Amino acid sequence: MILLRHGQSEFNLHFTATRRDPGIKDPRLTELGHQQAEHAAEALLEETGGGIRRIIASPYTRAMQTAAPLARRLGLPVIIQPLVRERYAFACDIGSPRTTLALEWPELDLSHIDEVWWPAIEEPADQVEGRARLFRQEMAALPDWNQTVVVSHWGFILSMTGQSVTNGQWLRCDPTAPGPEAVNWKHS
(Lines give C-alpha, C1' and ligand atoms only; values in the text may rest on other atoms or scores of the structure.)
Protein backbone atom coordinates (compact mmCIF):
# COMPACT_ATOMS: atom_id res chain seq x y z
CA MET A 1 0.00 0.00 0.00
CA ILE A 2 0.99 3.61 -0.27
CA LEU A 3 1.03 5.89 2.77
CA LEU A 4 0.59 9.56 1.88
CA ARG A 5 1.04 12.31 4.44
CA HIS A 6 -1.50 15.10 4.10
CA GLY A 7 -0.47 18.39 2.50
CA GLN A 8 0.67 21.39 4.50
CA SER A 9 -2.00 22.51 6.96
CA GLU A 10 -2.54 25.89 8.60
CA PHE A 11 -1.12 24.31 11.76
CA ASN A 12 2.01 23.07 9.95
CA LEU A 13 2.64 26.52 8.50
CA HIS A 14 2.53 28.30 11.88
CA PHE A 15 4.18 25.55 13.92
CA THR A 16 7.11 25.30 11.53
CA ALA A 17 7.72 29.06 11.84
CA THR A 18 7.38 29.33 15.63
CA ARG A 19 7.75 25.78 17.04
CA ARG A 20 4.71 26.65 19.20
CA ASP A 21 1.21 25.21 19.02
CA PRO A 22 -0.90 27.93 17.35
CA GLY A 23 -4.11 26.46 18.78
CA ILE A 24 -5.76 25.64 15.44
CA LYS A 25 -8.25 22.77 15.77
CA ASP A 26 -8.75 20.43 12.79
CA PRO A 27 -6.84 22.74 10.44
CA ARG A 28 -7.50 22.97 6.75
CA LEU A 29 -4.87 22.80 4.03
CA THR A 30 -3.01 25.94 3.01
CA GLU A 31 -2.74 26.88 -0.66
CA LEU A 32 0.60 25.03 -0.71
CA GLY A 33 -1.12 22.04 0.92
CA HIS A 34 -3.72 21.96 -1.85
CA GLN A 35 -0.91 22.11 -4.43
CA GLN A 36 0.86 19.25 -2.65
CA ALA A 37 -2.37 17.20 -2.73
CA GLU A 38 -2.81 17.82 -6.47
CA HIS A 39 0.84 16.98 -7.16
CA ALA A 40 0.61 13.78 -5.07
CA ALA A 41 -2.51 12.72 -6.97
CA GLU A 42 -0.73 13.17 -10.32
CA ALA A 43 2.44 11.43 -9.12
CA LEU A 44 0.49 8.49 -7.66
CA LEU A 45 -1.50 8.03 -10.85
CA GLU A 46 1.73 7.97 -12.83
CA GLU A 47 3.50 5.68 -10.33
CA THR A 48 0.66 3.16 -10.17
CA GLY A 49 -0.61 3.45 -13.72
CA GLY A 50 -4.04 4.16 -12.26
CA GLY A 51 -4.02 0.82 -10.44
CA ILE A 52 -5.35 2.27 -7.20
CA ARG A 53 -8.60 0.59 -6.14
CA ARG A 54 -9.06 1.94 -2.60
CA ILE A 55 -8.45 5.28 -0.89
CA ILE A 56 -8.51 5.39 2.90
CA ALA A 57 -8.21 8.64 4.84
CA SER A 58 -8.15 9.83 8.41
CA PRO A 59 -11.22 11.85 9.49
CA TYR A 60 -9.16 15.02 9.95
CA THR A 61 -10.09 17.70 7.41
CA ARG A 62 -6.50 18.03 6.16
CA ALA A 63 -6.39 14.32 5.29
CA MET A 64 -9.77 14.34 3.56
CA GLN A 65 -8.79 17.45 1.58
CA THR A 66 -5.57 15.69 0.53
CA ALA A 67 -7.45 12.56 -0.56
CA ALA A 68 -10.03 14.50 -2.60
CA PRO A 69 -7.95 15.19 -5.78
CA LEU A 70 -6.93 11.53 -6.09
CA ALA A 71 -10.49 10.32 -5.46
CA ARG A 72 -11.83 12.77 -8.02
CA ARG A 73 -9.35 11.68 -10.69
CA LEU A 74 -10.07 7.98 -10.09
CA GLY A 75 -13.80 8.24 -9.44
CA LEU A 76 -13.35 6.36 -6.16
CA PRO A 77 -14.99 6.98 -2.80
CA VAL A 78 -12.78 7.87 0.17
CA ILE A 79 -13.11 5.41 3.02
CA ILE A 80 -12.81 7.22 6.35
CA GLN A 81 -10.84 5.25 8.93
CA PRO A 82 -10.17 6.71 12.41
CA LEU A 83 -7.41 4.13 13.04
CA VAL A 84 -5.10 6.09 10.70
CA ARG A 85 -5.59 9.41 12.54
CA GLU A 86 -2.72 11.43 13.96
CA ARG A 87 -1.39 10.97 17.46
CA TYR A 88 -3.34 13.34 19.70
CA ALA A 89 -0.70 15.74 21.04
CA PHE A 90 -1.53 19.26 19.76
CA ALA A 91 -4.59 21.46 19.16
CA CYS A 92 -4.58 20.36 15.51
CA ASP A 93 -5.37 16.85 16.71
CA ILE A 94 -8.77 17.93 18.00
CA GLY A 95 -11.04 16.88 15.18
CA SER A 96 -14.41 18.04 13.99
CA PRO A 97 -17.49 16.13 15.18
CA ARG A 98 -19.02 13.62 12.77
CA THR A 99 -22.13 15.77 12.23
CA THR A 100 -19.97 18.76 11.28
CA LEU A 101 -17.91 16.64 8.87
CA ALA A 102 -21.08 15.17 7.36
CA LEU A 103 -22.35 18.65 6.49
CA GLU A 104 -19.08 19.57 4.78
CA TRP A 105 -18.48 16.17 3.17
CA PRO A 106 -21.97 14.84 2.27
CA GLU A 107 -20.53 12.42 -0.28
CA LEU A 108 -18.56 10.52 2.40
CA ASP A 109 -19.95 7.70 4.51
CA LEU A 110 -19.25 8.74 8.09
CA SER A 111 -21.96 6.60 9.72
CA HIS A 112 -19.40 4.19 11.20
CA ILE A 113 -17.43 6.80 13.16
CA ASP A 114 -18.32 8.18 16.58
CA GLU A 115 -19.50 11.76 16.96
CA VAL A 116 -16.25 12.48 18.82
CA TRP A 117 -13.71 10.13 17.24
CA TRP A 118 -10.43 11.55 18.60
CA PRO A 119 -9.07 10.96 22.14
CA ALA A 120 -9.86 13.34 24.99
CA ILE A 121 -6.29 13.45 26.27
CA GLU A 122 -2.79 13.18 24.81
CA GLU A 123 -2.25 9.78 23.27
CA PRO A 124 0.83 7.87 24.41
CA ALA A 125 3.18 6.81 21.63
CA ASP A 126 2.65 3.12 22.37
CA GLN A 127 -1.08 3.50 21.68
CA VAL A 128 -0.38 4.99 18.25
CA GLU A 129 2.04 2.17 17.55
CA GLY A 130 -0.69 -0.29 18.64
CA ARG A 131 -3.15 1.33 16.20
CA ALA A 132 -0.55 0.98 13.47
CA ARG A 133 -0.07 -2.73 14.25
CA LEU A 134 -3.84 -3.29 14.15
CA PHE A 135 -4.18 -1.42 10.85
CA ARG A 136 -1.22 -3.36 9.42
CA GLN A 137 -3.01 -6.63 10.29
CA GLU A 138 -6.30 -5.46 8.80
CA MET A 139 -4.63 -4.41 5.56
CA ALA A 140 -2.54 -7.60 5.33
CA ALA A 141 -5.79 -9.60 5.35
CA LEU A 142 -6.99 -7.87 2.16
CA PRO A 143 -5.98 -9.54 -1.11
CA ASP A 144 -5.63 -6.17 -2.86
CA TRP A 145 -3.78 -4.20 -0.17
CA ASN A 146 -1.17 -3.24 -2.77
CA GLN A 147 -3.82 -1.18 -4.61
CA THR A 148 -4.58 1.03 -1.60
CA VAL A 149 -3.57 4.60 -0.81
CA VAL A 150 -3.84 5.67 2.83
CA VAL A 151 -3.90 9.42 3.51
CA SER A 152 -2.63 9.88 7.03
CA HIS A 153 -0.28 11.84 9.26
CA TRP A 154 3.32 12.15 10.38
CA GLY A 155 2.94 10.17 13.62
CA PHE A 156 0.84 7.37 12.20
CA ILE A 157 3.12 6.89 9.17
CA LEU A 158 6.11 6.95 11.52
CA SER A 159 4.46 4.20 13.57
CA MET A 160 3.78 2.14 10.44
CA THR A 161 7.22 2.49 8.86
CA GLY A 162 9.72 4.02 11.29
CA GLN A 163 10.23 6.80 8.72
CA SER A 164 9.49 10.51 9.05
CA VAL A 165 7.78 12.01 6.00
CA THR A 166 7.09 15.60 5.03
CA ASN A 167 3.77 17.12 3.96
CA GLY A 168 2.63 15.65 0.66
CA GLN A 169 5.30 12.93 0.70
CA TRP A 170 4.37 9.29 0.21
CA LEU A 171 6.05 5.93 0.55
CA ARG A 172 5.23 2.29 0.03
CA CYS A 173 4.48 -0.02 2.95
CA ASP A 174 4.03 -3.80 2.82
CA PRO A 175 1.58 -4.68 5.62
CA THR A 176 2.56 -8.35 5.39
CA ALA A 177 6.13 -7.48 6.41
CA PRO A 178 7.06 -6.81 10.03
CA GLY A 179 6.63 -3.25 11.27
CA PRO A 180 9.51 -1.17 12.60
CA GLU A 181 11.39 -2.65 15.56
CA ALA A 182 11.54 0.76 17.24
CA VAL A 183 10.00 4.14 16.52
CA ASN A 184 11.96 7.34 17.16
CA TRP A 185 9.38 10.01 18.07
CA LYS A 186 11.94 12.85 17.97
CA HIS A 187 10.92 15.07 15.06
CA SER A 188 14.00 15.96 13.02
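Here the structure is a predicted model, which is why all the values come from computation and not from measurement.
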Identify the heavy atoms of [X] and [Y] that sit nearest to each other, and give their distance.
X	Y	answer
Ala102	Leu110	N-CD1, 3.5 Å
Pro180	Val183	CG-CG2, 4.0 Å
Val84	Val151	CG2-O, 4.2 Å
Leu74	Gly50	CD2-O, 4.2 Å
Ile121	Tyr88	O-CD2, 3.2 Å
Gly168	Leu4	O-CD1, 3.5 Å

**Message:** Before you tell me yes or no, could you show the steps for Lys25 and Glu10 under salt bridge (Lys or Arg N to Asp or Glu O under 4.0 Å), namely the whole-Å CA-CA distance, both residues' side-chain angles and the distance that decides it to 0.1 Å?
**Reply:** CA-CA 10 Å; Lys25 296 177 185 176; Glu10 297 161 338; over 6 Å; no
Once you round to the nearest 0.5 Å, how far does [atom1] of [X] lie from [atom2] of [Y]?
X	Y	atom1	atom2	result
Ser159	Arg131	OG	CZ	7.5 Å
Thr16	Phe11	OG1	CZ	8.5 Å
Leu3	Ser152	CG	OG	7.0 Å
Ile79	His112	CD1	NE2	8.5 Å
Arg5	Phe156	CZ	CZ	14.5 Å
Asn167	Asn12	CG	CG	4.0 Å

Could you check whether any side-chain heavy atom of [X] comes within less than 4.5 Å of a side-chain heavy atom of [Y], counting everything from C-beta outward?
X	Y	value
Trp118	Pro97	yes
Asp174	Met1	no
Leu171	Ile2	no
Pro82	Ile113	yes
Glu123	Arg85	yes
Ile52	Thr148	no
Val149	Ile56	no

Before accepting this row, confirm whether a basic side-chain N of the pair [X]/[Y] lies closer than 4.0 Å to the acidic partner's carboxylate O.
X	Y	answer
Arg62	Glu86	no
Glu115	Arg98	yes
Asp144	Arg54	yes
Glu38	Arg72	yes
Glu47	Arg172	yes

**Asked** Who are the side chain to side chain donor-acceptor pair (under 3.5 Å) partners of Asp21, not counting sequence neighbours?
**Response** none
**Those residues that, when tested against Gln81, pass side chain to side chain donor-acceptor pair (under 3.5 Å) (two or more places apart)** = none
**Asked** In terms of heavy-atom contacts, does NE2 of His39 have more than 12 from other residues, nucleotides or ligands at under 6.0 Å?
**Response** no
**Message:** For the CD atom on Glu107, are there more than 12 heavy atoms of other groups (residues, nucleotides or ligands in this structure) within a distance under 6.0 Å?
**Reply:** yes
**Request:** Could you tell me whether Arg136 sits above the aromatic face of Trp145, with NZ or CZ closer than 6.0 angstrom to the six-membered ring centre and within 45 degrees of the axis?
**Result:** no
**Item:** Side-chain donor/acceptor of Arg87 to backbone N/O of Gly155, under 3.5 Å
**Value:** no
**Request:** Following the transitive rule for hydrophobic clusters with a side-chain heavy-atom cut-off under 4.5 Å over Ile, Leu, Val, Met, Phe, Trp and Tyr, establish whether Leu142 and Met160 coincide in one cluster.
**Result:** yes
When the side chains of residues 26-33 are checked against the rest of the protein, which donor-acceptor pairs come out under 3.5 Å, sequence neighbours left out?
unit_1	atom_1	unit_2	atom_2	d
Asp26	OD1	Thr61	N	2.9
Asp26	OD1	Thr61	OG1	3.4
Asp26	OD2	Thr61	OG1	2.8
Asp26	OD2	Ser96	N	3.4
Asp26	OD2	Ser96	OG	2.5
Arg28	NH1	Glu104	OE1	3.4
Arg28	NH1	Glu104	OE2	2.8
Arg28	NH2	Glu104	OE2	2.7
Thr30	OG1	Gln8	O	3.3
Thr30	OG1	Gln8	OE1	2.6
Thr30	OG1	Leu32	N	3.4
Thr30	OG1	Gly33	N	3.0

**Residue pair Gln65 / Trp105, side-chain donor-acceptor N/O under 3.5 Å** = no
**Tyr60-His153 aromatic ring centre distance below 6.0 Å** = yes
